Structures are given as structure tokens and as C-alpha cells.
Amino acid sequence: MAVLVTGGMGYIGSHTVVKLLEDNKEVIIVDNLVNSKEEVLNHIETITLIRPLFIQGDIRDEKLLEKIFSHHLINSVIHFAGLKAVGESVDEPIKYYDNNIVGTLILLKVMKKYKCRKMVFSSSATVYGNNSNVPFEESYPLSTTNPYGATKHMIEDILRDVYKSDKEWSIALLRYFNPIGAHESGLIGEDPNDIPNNLLPYVAKVATGELACLSVFGDDYDTPDGTGVRDYIHVDDLASGHLKALGYIDGTTGIEAFNLGTGNGYSVLDIVRAFEKASKKTIKYKVVNRREGDIPICYANANKAKQLLNWQAYKNINQMCEDAWRFASNKSNHKE
Ligand code: NAD
Ligand code: WQD
């Protein structure tokens with residue numbers, strides 16, 4: 001029985017594939033490489049000594065999914081495939097709704113046909129919207145502030161309706177907080193092609209000298225140092241959460257949301273300092289205006305994942321920055 005991993009060549013997907021292979025799971029990856037590179041497969045093989053089956057294609061291609069499900073016995077799906085850039089989703093909402101919503105609907109249609117009713121879905125803390133009543137709990141009301149977030153909210157609703165219609169389904173909605181870091185080998189990590197939107201890849205590129213200076217988006221928030229506070233979680237801990245969730249849905253039916261975060265908040269300047277320590281470089285920064293849509297503070301109450309999944313995050317902010325730096329400096333050396 002195989003696990004189908006949509007978006008398995010991407011940042012979080014590739015780390016999860018490594019853990020699945022290390023756990024002797026049979027893995028099939030489907031990814032259209034819209035935001036990842038084929039070389040990731042070689043790195044997965046170097047780390048695990050196993051080359052999983054990779055099918056390059058789009059999850060909106062129903063015929064392709066039919067072919068995959070008819071040729072393989074697939075027990076469950078970990079569904080990472082999606083577009084994730086908040087700013088781009090505001091400029092190109094149709095692209096986001098088409099890719100994320102239509103893609104998920106076609107996937108669900110084919111899963112239903114082949115009676116594969118187990119899914120781990122990549123949701124996001126973005127579904128808590130503008131709420132700043134930290135720590136966020138799974139029971140909080142959901143809202144969204146941009147099309148990307150709306151796709152996550154809608155897909156959660158779609159999956160709840162799917163479960164209501166057929167109680168044989170078993171679904172875990174994993175709400176990630178801010179994933180950072182990289183595999184300890186330095187071989188896989190987050191490697192955006194364009195100028196990064198997210199803090200960590202931006203800081204890493206300042207450290208390697210590819211970008212000159214970090215813009216800190218506001219230092220007048222009601223937080224300890226005035227800069228935004230987030231719950232950064234090591235991608236390796238996050239990947240482990242998927243294996244725990246897979247085990248959980250295997251033994252039950254139902255639909256449950258889980259926060260995957262550390263429960264700790266760190267400010268932008270905490271991250272700058274931790275990255276300086278890890279890289280032994282000075283991170284040049286200047287404070288600019290707040291970024292539209294940002295909330296001051298966001299961190300998880302991750303008790304539910306601890307209780308039901310027996311999962312918790314172990315890696316601290318220094319390990320996150322050290323691993324991110326190893327990956328970023330490797331990449332940067334290879335570009336020279
Ligand atoms: P990523 O872009 O690195 O990985 C997503 C992968 O999906 C990429 O390899 C991309 O090529 C593939 N993909 C996209 N659309 C596809 C399609 N239609 N068909 C086939 N493949 C497709 O992103 P990531 O950071 O690894 O995120 C994985 C998932 O987790 C996404 O759904 C994202 O929205 C969600 N998420 C990410 C974060 C984060 O900060 N990284 C936080 C919360 C939730
Ligand atoms: C973190 C902090 C910024 C960049 C986003 C999505 C969310 C989720 C994770 C997918 C904030 C500050 C950032 C910079 C800065 N993704 N910052 N200068 O906004 O918490 O979450 O990624 O689901 O949905 O919204 O992450 O890394 O962009 O920002 O000062 O150049 O760093 O203001 O306080 P965010 P981020």
C-alpha cells in the first residue's frame with residue numbers, strides 16, 4: 001500500500017518524503033514542478049538511499065490521477081500541492097482558486113472513485129485570520145484576509161462536507177505555523193527562485209550576500225521589541241507531524257484540525273540575531289513601514305497535537321537557523 005504525496009518535491013513535501021521513506025513507507029510523488037526542481041529527487045535518494053516513484057504532472061489532470069490510482073494501491077494521500085504566495089494570490093486570485101481549489105476537488109473525486117478515503121491536508125495558521133488572541137486554538141473561529149488563505153479555509157470546509165457525506169473518510173487538517181530550517185544534510189530546504197516574501201529565506205540571502213539588506217516590516221507593534229512575533233517551527237519537526245497524522249488517520253475515521261507549531265513566539269529581531277549567530281555574518285537591516293495584512297503576533301497552542309497525535313516540536317530557534325544556514329550557504333557556493 002502506497003502513500004501518494006502531492007507536491008512532494010516542494011519544501012515541506014520533500015522533508016516529509018524523506019521521513020516516510022525512512023519509515024519504510026512506499027511513496028509515490030506527483031508534482032508539476034511549478035515551484036520545485038527535479039534535482040530534489042536525487043537529494044532524497046542521497047539521504048535515504050531510496051528513489052521514490054516520481055510522476056511529473058498536475059493534480060488538475062484527472063486522467064493522470066486516474067492512471068496513478070488505477071495502477072497503484074494507494075491507501076492515503078498527503079496533499080501538499082498548492083500555490084502559497086500570499087501577495088501573488090491577491091494579484092492573481094483566479095490562478096490560486098483554480099490551482100488550489102480545483103486541484104483539490106479533482107483529487108478528491110478520483111480518491112472517492114478508488115475508495116481511498118484517508119487524507120492529510122496542508123492547511124495553515126492563516127485560517128485564523130486577523131485574530132490576535134494568542135495562543136491560537138483549533139476551536140477558534142476561522143476567517144481569511146487574502147485569496148491564498150481563502151483557499152485553505154475553503155478546502156477545510158470542503159473536506160468537512162466530504163466527511164459529513166461519507167463517514168468512512170479520515171482526514172487530518174494540519175495547520176502549520178511558520179516552517180523554517182532545512183534537512184540537517186544541507187541538501188534539501190527552501191529555495192525560492194524569486195526575491196523571497198518570507199522572512200527566513202530573505203535573511204538567508206542577506207547572509208550569503210545575494211541581497212543587500214533586510215527590510216523589517218514595522219517596529220511599532222505591541223510586542224516585546226516592537227517587531228512581529230511568529231511561531232517558527234523546524235521543517236523536520238513539521239515533517240514528523242505528518243507521519244504521526246498518517247498513523248492517527250489510519251486507525252480511525254473522522255476529521256480533525258491540528259495546530260503544528262512550537263507554542264513559542266519569536267520576533268523578527270530574535271530571528272536576525274539567531275541567524276547572525278548561526279552564520280557568523282552580520283545581517284544588515286533597516287526598519288520600514290508595516291506590511292499590509294500582517295498581524296502583530298501569532299503562535300500556536302499545540303496541545304491537541306500532543307494529546308491526540310503524540311507529536312511535539314523539539315528543535316529550537318538556533319537549530320532552525322543553523323540548518324537553514326547550512327542549506328543556504330551550500331546553495332550559494334554552488335551558484336558561484
Ligand atoms: P512548495 O511550493 O515548496 O511546495 C508545493 C509543491 O506543490 C511544489 O513542489 C509545487 O511544484 C507543487 N504544486 C503546486 N501546484 C501543483 C499542482 N497543481 N499539481 C502538482 N503539483 C503542484 O510549498 P511548501 O512550503 O512545501 O508548502 C506545501 C503546502 O503547505 C502548500 O499547500 C502550502 O500552502 C502549505 N503551507 C505552507 C506554509 C509555508 O510557510 N511554507 C505554511 C502553511 C501552509
Ligand atoms: C514573518 C515575520 C513579517 C519578511 C506567511 C503567510 C502564512 C504562512 C507562512 C502559508 C512577519 C516579518 C517578513 C521581510 C519582515 N504561509 N518580515 N521582513 O507573514 O507570518 O506568514 O508565511 O500558509 O500564511 O502569511 O511569514 O515569513 O512572511 O513573516 O520584517 O522581508 O517577518 O512582517 O512579522 P508570515 P513571513
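Start at 1 and go down the list; that is how both ligands and their atoms are numbered. Both backbone and side-chain heavy atoms feed into the values below; hydrogens, waters and symmetry mates do not. Predicted, not measured: the structure shown is a model, and the values here were computed from it.
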- Item | N197 contact mode with ligand 2 (heavy-atom cut-off under 4.0 Å) | backbone

- Task: Pick, from S267, G228, A125, the option with the minimum heavy-atom distance to atom 34 (O) of ligand 2.
- Result: G228

- Test: K95 and E88 ion pair at under 4.0 Å: yes

- Any heavy atom of N99 under 4.0 Å from ligand 1? The part involved is side chain

- Tell me, which protein residue and heavy-atom name are nearest atom 28 (O) of ligand 2, and how many Å apart are they? R291 NH2, 2.8 Å

- Message: When you compare ligand 2 with Y202, is there at least one nitrogen or oxygen pair between them that comes in under 3.5 angstrom?
- Response: no

- Item | Part of I271 with heavy atoms under 4.0 Å of ligand 2, whether side chain, backbone, both or neither | neither

- Query: Centre of Y266's six-membered ring, under 6.0 Å away, within 45 degrees of the axis: is that where NZ or CZ of R230 sits?
  - Reply: no

- Query: Is it true that atom NZ of K306 has more than 12 heavy atoms of other residues, nucleotides or ligands lying nearer than 6.0 Å?
  - Reply: no

- Task: May I ask which of F177, Y128, Y148 has a heavy atom nearer to atom 10 (C) of ligand 2 than the others do?
- Result: Y148

- Regarding N259 and Y128, is there a side-chain donor-to-acceptor distance under 3.5 Å anywhere? yes

- Message: List ligand 2 atoms under 4.0 Å from D294, heavy atoms only on the residue side.
- Response: 3 (C), 19 (O), 33 (O)

- Query: Quick one: do E156 and R175 make a salt bridge, cutoff under 4.0 Å?
  - Reply: yes

- Does M9 reach ligand 1 with a nitrogen or oxygen that is under 3.5 Å from one of the ligand's nitrogen or oxygen atoms? no

- Message: Please classify the L199 to ligand 2 contact at 4.0 Å (heavy-atom distances, strictly less than): side chain, backbone, both or neither.
- Response: both

- Message: Any donor-acceptor pair under 3.5 Å linking the side-chain atoms of N131 with those of N133?
- Response: no

- Message: Would S123 count as a contact residue for ligand 1, given that I'm defining contact as a non-hydrogen atom of the residue lying under 4.0 Å from a ligand atom?
- Response: yes

- Message: Can you confirm, on distance only, whether ligand 1 has an N/O atom lying under 3.5 Å from any N/O atom belonging to P179?
- Response: no

- For ligand 1, does N198 get within less than 4.0 Å through its side chain, its backbone, both, or neither, judged by non-hydrogen atoms? neither

- Query: Heavy atom of K84 under 4.0 Å from ligand 2?
  - Reply: no

- Answer yes or no: are there more than 12 heavy-atom neighbours, outside Y97 itself, under 6.0 Å from its atom OH? yes

- Query: Would one find an N or O of Y148, backbone or side chain, under 3.5 Å from an N or O of ligand 1?
  - Reply: yes

- Give me the ring orientation class for H183 and H15: parallel if the planes are under 30° apart, tilted from 30 to 60°, perpendicular past 60°. tilted

- Message: Heavy atoms only, cut-off 4.0 Å: how does A125 contact ligand 1, side chain, backbone, both, or neither?
- Response: neither

- Item | Polar contact flag for D58 and ligand 1 (N/O pairs, less than 3.5 Å) | yes

- Item | Electrostatic pair K281:E210 at N-O distance under 4.0 angstrom | no

- Task: For H234 and D323, test the side chains for any donor-to-acceptor distance below 3.5 angstrom and give the result as yes or no.
- Result: yes

- Query: In terms of side-chain geometry, is the basic nitrogen of R326 or E184 positioned less than 4.0 Å from the acidic oxygen of its partner?
  - Reply: no

- Query: Among the heavy atoms of G57, does any lie under 4.0 Å from an atom of ligand 1?
  - Reply: yes

- If you look only at pairs with a residue in residues 53-64, which of them pass as a side-chain hydrogen bond (donor to acceptor under 3.5 Å, both in side chains), with sequence neighbours excluded? N32-D58, D58-R60, R60-D98, R60-N99, E62-K109

- Task: Among all protein heavy atoms, pick out the one at the shortest distance from atom 1 (C) of ligand 2; state its residue, atom name and that distance to 0.1 Å.
- Result: Y232 OH, 3.4 Å

- Note on the structure: Ranked by distance from atom 14 (C) of ligand 2, the top protein heavy atom is F217 CE1, 3.2 Å

- For ligand 1, does E190 get within less than 4.0 Å through its side chain, its backbone, both, or neither, judged by non-hydrogen atoms? neither

- Message: Polar contacts were defined as any N/O atom of the residue lying under 3.5 Å from an N/O atom of the ligand; does this apply to G10 and ligand 1?
- Response: yes

- Item | K152 heavy atom under 4.0 Å from ligand 1 | yes

- Item | Numbered atoms of ligand 2 (with element) below 4.0 Å of N178, judged on heavy atoms | 20 (O), 21 (O), 26 (O), 35 (P)

- Message: For ligand 1 and K84, I'd like to know whether there is a polar contact (N/O to N/O, distance under 3.5 Å).
- Response: yes

- Is there a nitrogen or oxygen of A81 sitting under 3.5 Å from a nitrogen or oxygen of ligand 1? no

- Regarding S240 and D237, is there a side-chain donor-to-acceptor distance under 3.5 Å anywhere? no

- In this structure, are over 12 heavy atoms from other groups packed under 6.0 Å from D222 atom CG? no

- Task: Would you mind checking which non-hydrogen protein atom is closest to atom 36 (P) of ligand 2, with the distance to 0.1 Å?
- Result: N198 ND2, 3.5 Å

- So the atoms of ligand 2 within less than 4.0 Å of a heavy atom of V86 turn out to be 6 (C), 25 (O)

- Using a strict 4.0 Å cut-off to heavy atoms of V216, name the atoms of ligand 2 that fall inside it. 30 (O)

- Test: E322 and K280 ion pair at under 4.0 Å: no

- Pair D231, T262: side-chain N/O donor-acceptor within cut-off below 3.5 Å: yes

- Give the residue and atom name of whichever protein heavy atom lies nearest to atom 31 (C) of ligand 1, and the separation in Å to one decimal. F80 O, 3.1 Å

- Query: Which bit of P196 gets closer than 4.0 Å to ligand 2, counting heavy atoms only: side chain, backbone, both or neither?
  - Reply: neither

- Message: Return the closest protein heavy atom for atom 20 (O) of ligand 2 as residue, atom name and distance.
- Response: R230 NE, 2.5 Å

- Note on the structure: A student checking ligand 2 against S124 at a 4.0 Å heavy-atom cut-off should list atoms 10 (C), 23 (O), 24 (O)

- H43 side chain to S14 side chain, donor-acceptor N/O pair below 3.5 angstrom: no

- Presence of salt bridge, K113 and E66, under 4.0 angstrom: yes

- Query: Ion pair present between D166 and K112, side-chain N to carboxylate O less than 4.0 angstrom?
  - Reply: no

- Which of the atoms in ligand 2, numbered in the order shown and given with their element, are less than 4.0 Å from a heavy-atom of S215? 14 (C), 15 (C), 18 (N), 30 (O), 31 (O)

- Give yes or no for whether the N/O distance cutoff of 3.5 Å, strictly under, is met between I12 and ligand 1. yes

